[in-house]
2 protein chains.
Amino acid sequence: MTYQNETPHDPVQPTVRDRHAVMHGEIRQRICLLEYPPGMRLSEAALAEEFGTSRTPIRRVLARLEDEGLVQSHHGVGTIVTDSDIAELAQVYRLRIELTELVGRLDPEPPNEKFMLRFDSLVQRSAKVIATGTPHDFTRFDMEVFQVLLELTSNIPLRQTMERLYFQTKRIWLKTAIEAQLDLDEEVRIFHQELEAIQLALRSGDLNAAAHIQRAHISMSFQRLQQQNI
Amino acid sequence: MTYQNETPHDPVQPTVRDRHAVMHGEIRQRICLLEYPPGMRLSEAALAEEFGTSRTPIRRVLARLEDEGLVQSHHGVGTIVTDSDIAELAQVYRLRIELTELVGRLDPEPPNEKFMLRFDSLVQRSAKVIATGTPHDFTRFDMEVFQVLLELTSNIPLRQTMERLYFQTKRIWLKTAIEAQLDLDEEVRIFHQELEAIQLALRSGDLNAAAHIQRAHISMSFQRLQQQNI
DNA sequence: TCTTGATATGTTGTACACAATACAGAATTT
DNA sequence: AAATTCTGTATTGTGTACAACATATCAAGA
C-alpha cells in the first residue's frame with residue numbers, strides 16, 4: 001500500500017494500484033451509501049463498461065470487496081451485496097467499541113495545529129448537516145469524520161482493521177435506521193454534540209478521553225438502534 | 001465464508017470456494033513456515049502448474065494474500081513475499097496483545113468436554129515437540145494451538161482479525177528468532193508451560209484468565225525477541 | 001390444474017493470447 | 001574505461017472467448 005516514484009511536479013499517470021484503489025473506493029462508497037443496497041446484484045460487465053476497462057480488473061476489485069465481506073459472488077448467479085442480521089451487526093459493533101478505545105491508547109498520534117484546524121472546520125460543518133442534510137449527506141459526513149479521527153493513531157494494522165469494520169456496519173446501520181424510522185435529525189444533533197465533546201478533549205491533549213467519548217457514542221448509537229427495532 | 005448444500009453422506013465435488021480456500025491456505029502456510037521466505041519471488045505460472053490450474057485462479061489467491069499483507073505484486077517484476085522491520089512488527093504485536101484479551105471477554109464460548117479433550121491432547125503433544133521438534137514442527141504446532149484457542153470466542157470478526165494478524169507476525173518472529181539465534185528449545189519449554197497454565201484456567205472455567213495468560217506470553221515472547229535482537 | 005422436463009438466457013469462473021513493464025547484459029559511444 | 005543506449009527475456013496486467021452453472025420460461029403430459 002506504499003507508493004514510490006511520486007513526483008508531484010510531474011504528475012505520473014495512474015498506476016495499476018491507483019486505478020484499483022479508485023474503483024475499490026468508489027464501489028465501496030456506493031455500497032456504504034446504499035446506492036447499492038443489500039441484496040442488489042452487481043454486474044461485472046456494466047461496471048467494466050462504466051470504468052472503461054474489462055471485466056478482469058473489476059473482478060479484482062470485487063474479489064477484495066468479497067474478502068471484506070461487502071459482496072458475495074455466486075457462480076452462474078451474480079455478485080450480490082451482502083446483508084446482516086442484528087446478531088452479526090452486534091458482534092461487529094462490540095469489537096468496534098473495544099478497538100475505538102485502543103485508538104487513544106495504542107501508538108497515539110497527538111494532533112498538531114493543522115489537524116485541529118481541520119477538525120474545527122468539521123465541527124462547524126456538522127451544524128450545516130443538521131440544518132439541511134439528507135441521510136445521504138449525513139453518512140458521507142460521518143465517513144469523513146471517521147477517516148480524520150483515525151489519524152489519531154499511527155498503528156497501521158489498527159487503522160486498517162477499524163476501517164474494515166466501519167464499512168461493515170455503517171451501511172447496515174443506515175438501512176436499519178431508515179427502516180425502523182429512527183429520528184435521523186436527532187441522530188445528527190447527537191453526532192454534533194459528540195464532535196464538540198471530542199474537540200474539547202483534543203484541545204486538552206487528552207487523546208484517551210477523545211477515544212472514550214467516541215466509544216461511548218458508538219455504543220449508545222447501537223443501543224438506540226436496537227431499542228427502536230423491537 | 002459460509003457453505004451451504006453440504007451433504008456429508010454424498011461428498012459433493014469441491015466448489016470454486018473450496019479450491020480457492022485450499023490454495024490460499026496452502027500458500028499461506030508455506031509463507032508462514034518460511035518455505036517461502038521474505039524476499040522470495042513467487043511465480044504465478046509455476047504455482048498454476050503445481051495446482052493443476054491456470055494463472056487466473058492463482059492470481060485470485062495472490063491478490064488476497066496481497067490484501068492480507070503477505071506478498072506484494074510488482075508489474076514486470078514478480079510477486080514477492082513481504083518482509084517487516086521490527087517497528088512494523090511491534091505495531092502488530094501491540095494490537096495482537098490487546099485483541100487476545102478480548103477473546104476472553106467478547107462473546108466468550110465456554111469450552112465443552114470435547115474441546116477440553118482436544119486441548120488436553122495438545123498439551124501432551126507439546127511435550128513431544130520439546131523432545132524432537134524442529135523449528136518447522138514447532139511453528140506448525142503453534143499454528144494448530146492458535147486455531148484451537150480461537151474457538152473460545154464466537155465473535156467472527158474478532159476471529160478473522162486475529163487470524164490475519166497472527167499470520168502477519170508469526171513468520172517474521174520465526175525468521176528473526178532464527179537469525180538472532182534465539183534459544184528455540186527454551187521457547188518451546190515456555191510454550192509448554194503456557195499451555196499447562198491455560199489448561200488450568202480453562203478447567204476452572206475462567207476464560208478471562210486463559211486469555212490473560214495468552215496475552216502475557218505473547219507480550220513476553222516479543223520482549224525476548226527484542227532483547228536478543230539488540 | 002399441477003408437475004415435470006427441456007430449453008433459452010444471463011451470470012460468474014477459467015484459460016489463454018497479448019500488452020505493458022522492469023531489468024540484466026551486450027553493444028555502442030564518448 | 002566509463003557511461004549510455006539498445007535489446008532480449010521474464011514477469012505481471014488486461015482483454016476476450018468460452019466453459020460451468022443457475023434460473024426463469026415454456027411446453028407437454030398426467
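Everything numeric here is computed off the predicted structure, so don't read it as measured data. Residue numbers start from 1 in every chain, and the chains themselves are labelled A, B, ... in the order their sequence lines are given, proteins ahead of strands.
A donor-acceptor contact shorter than 3.5 Å links the side chain of B:Thr82 to the backbone of B:Gly69.
Proximity note for A:Val16 (side chain, C-beta onward) versus C:dT12, D:dG13, C:dT14: the nearest is D:dG13.
Proximity of A:Val129 to A:Phe191: side-chain heavy atoms (C-beta onward) are nowhere separated by under 4.5 Å.
Taking only distance into account, the side chain of B:His75 never meets the base of C:dT21 through a donor-acceptor pair shorter than 3.5 Å.
Toward the 5′ end of DNA chain C lies the nearest nucleotide of A:Gly76, the other residue of the pair B:Thr53 and A:Gly76 mapping further downstream. Along DNA chain D, the nucleotide nearest to A:Pro57 and the one nearest to B:Glu44 differ in position, and the one closer to the 5' end is contacted by B:Glu44. Where A:Thr56 and A:Val77 each meet DNA chain C at their nearest nucleotide, the meeting point lying more 5' is that of A:Val77.
Not one side-chain nitrogen or oxygen of A:Ser43 sits closer than 4.0 Å to the OP1 or OP2 atom of C:dT11. Between B:Thr79 and D:dT11 there is no side-chain polar atom (N or O) within less than 4.0 angstrom of OP1 or OP2. One finds a side-chain N or O of A:Arg19 lying less than 4.0 angstrom from the OP1 or OP2 phosphate oxygen of D:dT14. Remark: A:Arg59 is in phosphate contact with C:dG13, judged by side-chain N or O atoms under 4.0 Å from OP1 or OP2.
Classified by interplanar angle (parallel below 30°, tilted 30° to 60°, perpendicular above 60°), the ring pair A:Phe222/A:Tyr93 is parallel. Between B:Tyr166 and B:Phe146, the two ring planes are parallel [angle under 30°; tilted spans 30° to 60°].
The distance from atom CD of A:Gln72 to atom P of C:dT12 is 13 Å, rounded to the nearest whole Å. Look at CD1 on A:Ile58: it is 14 Å from P on C:dG13, rounded to the nearest Å. Straight-line distance from the CD atom of B:Glu66 to the P atom of D:dT12: 11 Å, rounded to whole Å. Counting to the nearest Å, the P atom of C:dA22 and the CZ atom of A:Arg17 are 12 Å from each other. Here C:dG13 presents its P atom at 14 Å from CG of B:Asp18, a figure rounded to the nearest Å. What separates CZ of B:Arg60 from C1' of C:dT12 is a distance of 12 Å, to the nearest Å. Computed from coordinates, the B:Leu62 CG to D:dG13 C1' distance equals 13 Å when rounded to whole Å. One atom, CG of B:Leu47, and another, P of C:dA15, lie 14 Å apart when rounded to the nearest Å.
B:Arg41 comes within contact range of the sugar-phosphate backbone alone, with a heavy-atom separation under 4.0 Å but no base atom that close. Residue-level contact check: A:Arg55 touches the bases, meaning some heavy atom is under 4.0 Å from a base atom. Across all strands, A:Leu42 comes closer than 4.0 Å only to sugar-phosphate atoms, never to a base (heavy-atom distances).
Taking the ring centre of A:Phe141 as origin, the terminal cationic atom of A:Arg125 falls outside the region bounded by 6.0 Å and 45° from the ring axis.
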